[in-house]
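Structure first, commentary second.
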Amino acid sequence: MENSDLTLFAVDDPQDSAEQSELSPAQQAQRRWKELAEEVQEHQFRYYVKDAPSISDAEFDGLFRELEELEEKYPELQAADSPTQLVGGGFTTTFDSVDHLERMLSLEDVFSAEELRAWLERLEENIGQDQEYLTELKIDGAAIALVYENGKLVRAATRGDGRVGEEITYNARTIGDIPAELTPNEKYPIPDLLEVRGEVYYAVDDFAELNAKIIADAEAAGRKPKPFANPRNAAAGSLRLKDPKQVADRPLRMICHGLGRIEGFAPETQWEAYQAMASWGLHVSQHTEKVVGVEAVLERMRYWGKHRTDTEYEMDGLVVKLNNIAEQHDLGATARVPRWAVAYKYPPEEAITTLLDIRVSVGRTGRVTPYADLTPVTVAGSTVSKATLHNQFEVKRKGVLIGDQVVIRKAGEIIPEILGPLVEQRDGSEKEFEFPATCPSCGAPLAPEKESDQDWRCSNARSCPDQLAERLIYLASRAALDIEVLGEKASRELYERELLTNEGDLFNLTKEDLQHTMFFTRAAKTKAEKEEPDAVINGNKRMLGKSGEKLLANLETAKTRPLWRILVALSIRHVGPEAARPLATVFGSLDKIQETALTHPEKLAEVEGVGSTIAESLHDWFREEWHQEIIEKWRAAGVQLEQVEEEQVPHTLEGLTIVATGALENFTRDSVKEAIIARGGRAVGSVSSKTDYVVAGANPGSKLTKAEELEIPVLDEQAFQELMEHGPQEKDS
Ligand code: IVH
């Protein structure tokens with residue numbers, strides 16, 4: 001008897017149950033064998049591949065024994081691919097060529113608003129104004145096709161060339177979003193045949209973890225690691241694994257975005273097709289929207305342009321589809337693309353460039369951070385030549401070598417990051433990064449402070465030029481003393497010209513000192529100026545410039561800044577505005593804080609917002625003699641080291657919980673929080689139903705989306721200023 005057509009999960013049985021009673025015993029045995037073989041394979045798959053059995057071992061053994069007995073009795077039933085003949089179920093993905101039931105088309109791309117508008121207008125000229133469209137996100141993943149027969153998944157295949165794909169059924173069966181069986185329901189009965197298309201993707205967050213694991217595993221096995229360049233490659237590469245058990249370990253996801261051949265179901269619209277698919281347990285996008293007319297489509301295009309990074313997957317465009325399926329059929333397709341859909345592609349946020357070198361920079365607390373030096377490349381509209389690598393373990397995790405071609409990504413306003421290397425482009429000349437043993441700025445040895453620390457530090461806090469400059473920059477920032485003209489260039493010059501030994505000398509800077517810098521001076525212009533006995537640099541007469549005057553004025557103002565800001569300005573590790581404010585309030589003077597830090601640090605830890613790590617850090621800081629010298633120099637220069645009543649601002653935000661997100665023009669992240677707290681409000685980091693207002697600047701990200709979902713009032717910067725000034729206005733009653 002012909003029985004070698006057993007394909008897992010497929011029952012190709014033309015006889016219906018009414019005929020069953022007329023079957024011969026041998027035919028009945030064959031029928032039972034098929035049922036059993038399928039069931040056994042299903043359980044083997046759950047057990048061996050998915051590691052999620054749904055029946056007990058004893059129950060499984062019962063089924064298996066029944067199958068064996070049947071095959072003993074009817075030896076002709078025993079096929080080579082019978083579960084009784086395969087060890088561990090024999091689940092290996094074979095990538096056999098399979099014909100798609102309908103051709104898998106691609107999409108026509110447009111790259112500008114004008115092109116998109118022209119495309120839509122041409123369509124509407126053809127078939128009438130104000131059509132109904134679906135706008136969908138274009139997911140950057142790997143396209144696959146699923147075939148369901150009578151609700152059962154019988155085949156999954158990659159896109160291939162659109163006509164012929166590769167069979168990957170076992171691999172697809174491990175993906176949680178892909179049901180083995182569709183869920184029937186009253187509204188949408190299960191069609192006899194359903195070919196579903198969609199995108200398998202890797203969530204951005206899961207991707208970093210995957211590469212880290214690939215590298216760790218390779219190292220443990222003494223192999224060269226082959227991390228993926230980006231989430232799309234990770235998705236496609238995972239589908240190409242032979243062992244479905246390995247695929248099961250990868251958190252692949254799938255979103256369906258179309259239908260191929262269907263029998264027994266005729267949706268009228270694309271929207272209805274998605275609703276039906278969702279009702280059967282398939283995953284469709286939550287971001288698809290139904291809109292009418294050209295302008296509404298363009299509005300969605302602009303909206304998603306601002307929210308590109310709000311989704312858990314990478315998206316590279318907006319797909320626009322004519323909703324009406326009869327119209328879709330009328331319009332048809334070219335050899336390659338449908339005439340009823342188009343993809344607007346956003347400017348790429350990813351680019352490939354060369355990793356020229358990995359260097360390290362030294363921060364204000366001595367932390368040494370590796371960063372990538374890249375061949376400059378344009379990503380998302382700006383030129384990128386550097387990307388942070390966080391720490392040496394991150395370099396390992398990413399698996400990048402110096403000289404590699406790397407994929408970099410710049411999402412919104414976030415600092416560019418390296419996603420991964422293009423391993424296949426290596427020629428053997430690439431070199432591994434070695435973390436330096438000594439500080440690139442001062443030559444002091446580098447080491448982690450504690451064995452468990454990921455970060456390495458330069459221990460020469462007192463005179464490492466980079467640390468000094470970074471501390472000065474921080475001291476001048478809005479979070480601390482808010483000295484406008486003291487940036488990177490100015491700070492470095494003050495040290496290079498030996499006008500400062502450390503920040504202790506800052507408030508003693510004089511006009512004469514500044515005249516010896518390039519940054520704070522200008523060339524003498526008039527005759528009178530040239531005759532004045534001012535400084536001469538490189539043979540040129542220099543006069544104190546505007547920035548010099550400004551610095552001197554700013555320093556005067558800075559001397560009377562509130563105590564908490566002085567404390568922040570000292571760059572004591574972990575002591576930012578959140579800890580400095582309560583410390584200043586509770587202890588009232590720097591001397592008192594110092595005394596407590598040295599004698600009873602545990603008392604500091606009791607202060608709300610402080611805790612033991614900060615207390616310990618304060619204790620360690622005040623113990624250093626040269627730190628004491630800084631304080632003494634500041635005191636001598638007239639810096640106020642006591643708490644004075646802060647200028648009272650009216651508590652206009654009393655009782656309000658406010659979240660600020662995105663880049664604001666007149667505030668930094670810290671100063672906006674301060675402004676809220678100073679007015680009696682609560683500044684919190686995440687949006688919830690308890691949030692009263694969200695202040696949104698440029699590139700606000702997911703917090704804005706959340707606010708919109710929860711219908712929380714969103715303020716722009718101007719509205720926020722008004723709120724601070726007047727408090728919430730009574731609603732018109
Ligand atoms: S519809 C007949 N919708 O983009 C229409 N495709 O560049 C065929 N893609 O091969 C595709 N997200 O793999 C459609 N929401 C979406 C999509 C999407 C991603 C992929 C798909 C297609 C490719 C075309």
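Every number for a ligand or one of its atoms is a count from 1 in the order of the listing. Computed from a predicted structure; not experimentally measured.
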Is it true that the NZ or CZ of R173 lies under 6.0 Å from the centre of Y170's six-membered ring and within 45 degrees of the ring axis?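 No cation-pi geometry.
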
Whether R240 engages the ring of F95 as a cation-pi pair (distance to the six-membered ring centre under 6.0 angstrom, angle to the ring normal within 45°) should be assessed. yes

Give every pair formed by an N or O atom of ligand 1 and a protein N or O atom closer than 3.5 Å, one pair per line with both atom names and the distance to 0.1 Å, or write none.
| residue | atom | partner | partner atom | Å |
| --- | --- | --- | --- | --- |
| ligand 1 | 3 (N) | K321 | NZ | 3.0 |
| ligand 1 | 4 (O) | K138 | NZ | 3.2 |
| ligand 1 | 7 (O) | K138 | NZ | 3.1 |
| ligand 1 | 12 (N) | I139 | N | 3.1 |
| ligand 1 | 13 (O) | E199 | OE1 | 2.7 |
| ligand 1 | 13 (O) | E199 | OE2 | 3.2 |
| ligand 1 | 15 (N) | E136 | OE1 | 2.8 |
| ligand 1 | 15 (N) | L137 | O | 3.1 |

Side chains of Y274 and E136 only: does a donor on one sit below 3.5 Å from an acceptor on the other? yes

Where at least one partner belongs to residues 100-149, residue pairs that pass ring pair (Phe, Tyr, Trp, His ring centres under 6.0 Å), sequence neighbours excluded: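 Sorted pair list comes back empty.
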
Kindly state each residue pair satisfying side chain to side chain donor-acceptor pair (under 3.5 Å) with at least one member in residues 179-188, sequence neighbours excluded. N185-S279

Residues forming a ring-ring contact (aromatic ring centres under 6.0 Å, His included) with H287, sequence neighbours excluded: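 Listed in chain order: W304.
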
